[in-house]
Number of protein chains: 2
Amino acid sequence: MTTFRARPVVVEMNHLPDPCAHCGARPFSVCSAIEDQDLARLAALAHPFTIEAGRSFIDEGDPAENFYNVTSGTAKLFKLLPDGRRQITGFAGAGHFLGLAVSRTYSFGAEAVETMRICRFSRPKLRVLLEDFPALERRLLEAASNELVAAQEQMLLLGRKTARERLASFLLARAEGQIMLPAGCSHAGRAEAISLPMTRTDIADYLGLTIETVSRTLTRLRTERLIEIPTPSEIVLRDVHALESLASGLN
Amino acid sequence: MTTFRARPVVVEMNHLPDPCAHCGARPFSVCSAIEDQDLARLAALAHPFTIEAGRSFIDEGDPAENFYNVTSGTAKLFKLLPDGRRQITGFAGAGHFLGLAVSRTYSFGAEAVETMRICRFSRPKLRVLLEDFPALERRLLEAASNELVAAQEQMLLLGRKTARERLASFLLARAEGQIMLPAGCSHAGRAEAISLPMTRTDIADYLGLTIETVSRTLTRLRTERLIEIPTPSEIVLRDVHALESLASGLN
DNA sequence: CGCGTGCGTTGACGCAGATCAACGCAGAAA
DNA sequence: TTTCTGCGTTGATCTGCGTCAACGCACGCG
């Protein structure tokens with residue numbers, strides 16, 4: 001049980017005897033498709049490591065050699081234009097997978113917002129895993145479908161909502177844990193206080209706005225008593241109903 | 001921006017002895033995952049329909065009972081806000097599948113742009129098919145991954161590109177068949193003349209603009225000799241390089 | 001300590017694209 | 001034929017958000 005084999009090229013050695021079995025993110029992640037008795041095989045292919053806040057670990061255009069699974073912390077995923085304009089396409093928290101692309105190269109970049117832990121799988125090894133565990137493929141399809149639904153919702157936001165509506169939508173989505181937590185992990189009640197680990201610049205690039213507009217809009221929501229802003233990275237929702245009607249385009 | 005009108009659907013019986021084997025869309029579609037000898041089983045579950053131009057066949061919020069596969073023609077997929085603002089999230093041509101949602105209800109609406117033919121599968125039957133043909137599930141995952149990449153590209157467009165850049169991106173994507181044809185069906189050469197079966201309103205709702213801006217921007221691209229507009233629904237690309245640099249955000 | 005640097009906020013101003021309005025044209029109906 | 005209706009184009013004007021600029025504050029460092 002405590003036997004320990006040396007492994008090839010690992011960023012960080014895996015000291016735990018059974019890391020996947022004790023992974024806090026497993027219930028949320030695609031790894032839950034693997035039964036307990038097969039976890040050792042999963043663990044043998046998973047290379048866990050830590051990424052510090054601000055570090056980028058996927059570059060758009062690089063060969064798509066790895067598949068990642070976030071176990072803690074938060075990443076931002078983004079696309080860039082040559083002149084530096086950036087669109088953040090999503091935030092990935094514990095349980096999220098990254099790098100599903102069919103293409104030979106990554107179509108997006110990824111960078112840690114907070115210090116995070118992720119598991120890396122080489123794509124060939126993932127392929128083997130998928131063949132041996134059809135349930136894993138099913139879970140991936142399910143997860144991809146959910147991502148697609150979220151992406152369409154975001155297109156509606158970017159294409160048709162005003163700045164106020166975008167911020168309201170964003171805050172509510174955060175409150176519902178739709179952004180940082182994996183799909184399927186629904187909370188019974190909605191937290192009124194939400195944390196914003198990302199900067200104003202990140203929020204702006206996620207919502208298709210500028211930092212000034214984000215700041216002004218939040219200030220206005222505060223003066224209208226819809227929210228409180230105890231600190232820049234912490235927001236309390238004071239009038240969830242008003243925010244919801246804003247977010248859905250009414251008013 | 002337009003308000004949305006729902007219309008009924010035309011149903012049609014399946015008269016052909018072996019429809020899937022003779023389906024022109026099969027090479028492009030997820031159905032290509034099914035081997036020839038198993039096509040009869042696929043055909044037994046597929047209900048082919050014709051849908052007339054302008055008819056809606058999926059309503060957002062309705063129970064997600066069916067899965068669809070487009071065999072010819074074009075559909076637009078969209079999301080609505082209560083006040084009628086609309087965002088078209090994509091156009092689905094031959095080979096495209098629709099209705100993958102994990103959710104109990106559809107998260108988007110769909111309407112025929114041109115008269116189209118589609119195959120309907122009930123979700124329970126699709127589930128059986130997926131269990132019997134793992135390759136089908138793999139193809140679905142592949143297709144969903146490609147959709148996701150396209151969705152991220154569209155988020156970049158909606159969040160960060162100017163009207164000119166959006167139109168240039170749209171025209172080039174049409175020319176490359178990225179919009180109407182399924183992923184993986186790449187043309188060797190790029191067609192210079194492209195058809196626009198959708199209205200200006202549809203283009204505007206796809207690009208997050210108004211019809212006036214679409215019209216003006218196309219006119220400007222014409223006066224700058226980047227395109228020609230023989231008829232409103234037909235456009236010739238005269239300077240692909242200039243359009244490409246526009247679309248990628250240079251200039 | 002003073003100084004710099006990064007981040008967020010606020011104000012003044014400008015502009016890309018939205019809004020409001022008019023018109024041309026083709027196809028359908030009478 | 002005339003009239004109507006839907007679609008696209010064009011012009012005049014407006015405005016939400018971007019741009020440019022200044023400033024406050026917290027934090028780290030010499």
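Throughout, protein chains are lettered first and strands after them, A, B, ... in sequence-line order, and every chain is numbered starting at 1.
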Rounded distance (Å) that lies between atom [atom2] of [N] and atom [atom1] of [X]:
X        : N      : atom1 : atom2 : answer
B:Leu167 : D:dT9  : CG    : P     : 11 Å
A:Glu165 : D:dC17 : CD    : P     : 9 Å
B:Leu218 : D:dT10 : CG    : P     : 10 Å
A:Ile227 : C:dT9  : CD1   : C1'   : 14 Å
A:Asp202 : C:dG8  : CG    : P     : 9 Å
B:Ile229 : D:dG8  : CD1   : P     : 12 Å
A:Leu196 : C:dC7  : CG    : P     : 15 Å
A:Ile203 : C:dG8  : CD1   : C1'   : 11 Å

Sub-3.5 Å pairs of nitrogen or oxygen atoms, protein against nucleotides 13-18 of chain C:
unit_1: C:dG17; atom_1: OP1; unit_2: B:Ala163; atom_2: N; d: 2.7
unit_1: C:dA18; atom_1: OP2; unit_2: B:Thr210; atom_2: N; d: 3.4
unit_1: C:dA18; atom_1: OP2; unit_2: B:Thr210; atom_2: OG1; d: 3.0
unit_1: C:dA18; atom_1: OP2; unit_2: B:Thr213; atom_2: OG1; d: 2.4

Among all residues two or more places apart in sequence or in another chain, which pass the side chain to side chain contact (heavy atoms under 4.5 Å, CB included) test with [X]?
X        : value
B:Ala163 : B:Leu209, B:Thr213, B:Thr217
A:Ser195 : A:Arg174, A:Pro197
B:Cys23  : B:Ala25, B:Arg26, B:Thr71

If you restrict it to nitrogen or oxygen atoms, what contacts under 3.5 Å exist between nucleotides 23-27 of chain D and the protein, and what is each distance?
none

Checklist line | Partner residues of A:Phe67 under the ring pair (Phe, Tyr, Trp, His ring centres under 6.0 Å) criterion, sequence neighbours left out | finding: A:Phe97

Margin query: The criterion is ring pair (Phe, Tyr, Trp, His ring centres under 6.0 Å); which residues satisfy it with B:Phe108, sequence neighbours excluded?
Written below: none

Notebook entry, point to check: With sequence neighbours left out, what residues match A:Glu212 under salt bridge (Lys or Arg N to Asp or Glu O under 4.0 Å)?
Noted result: none

Checklist line | A:Thr115 and A:Glu52 side chains, donor-acceptor separation under 3.5 Å | finding: no

Check: Do the numbers put A:Arg120 on top of the ring of A:Tyr68, so that NZ or CZ is under 6.0 Å from the six-membered ring centre and no more than 45° off the axis?
Finding: no

Notebook entry, point to check: Counting any heavy atom closer than 4.0 Å, what does A:Thr199 reach on the DNA or RNA strands: base, sugar-phosphate only, or nothing?
Noted result: sugar-phosphate

Next item on the list: Could you note down all residue pairs passing salt bridge (charged side-chain N to carboxylate O under 4.0 Å, His left out) where residues 56-75 of chain A supplies at least one of them, sequence neighbours left out?
Entry: A:Glu60-A:Lys79

Next item on the list: Give the nucleotide from the list C:dG8, D:dT10, C:dT10 with an atom nearest to the side chain of B:Thr219.
Entry: D:dT10

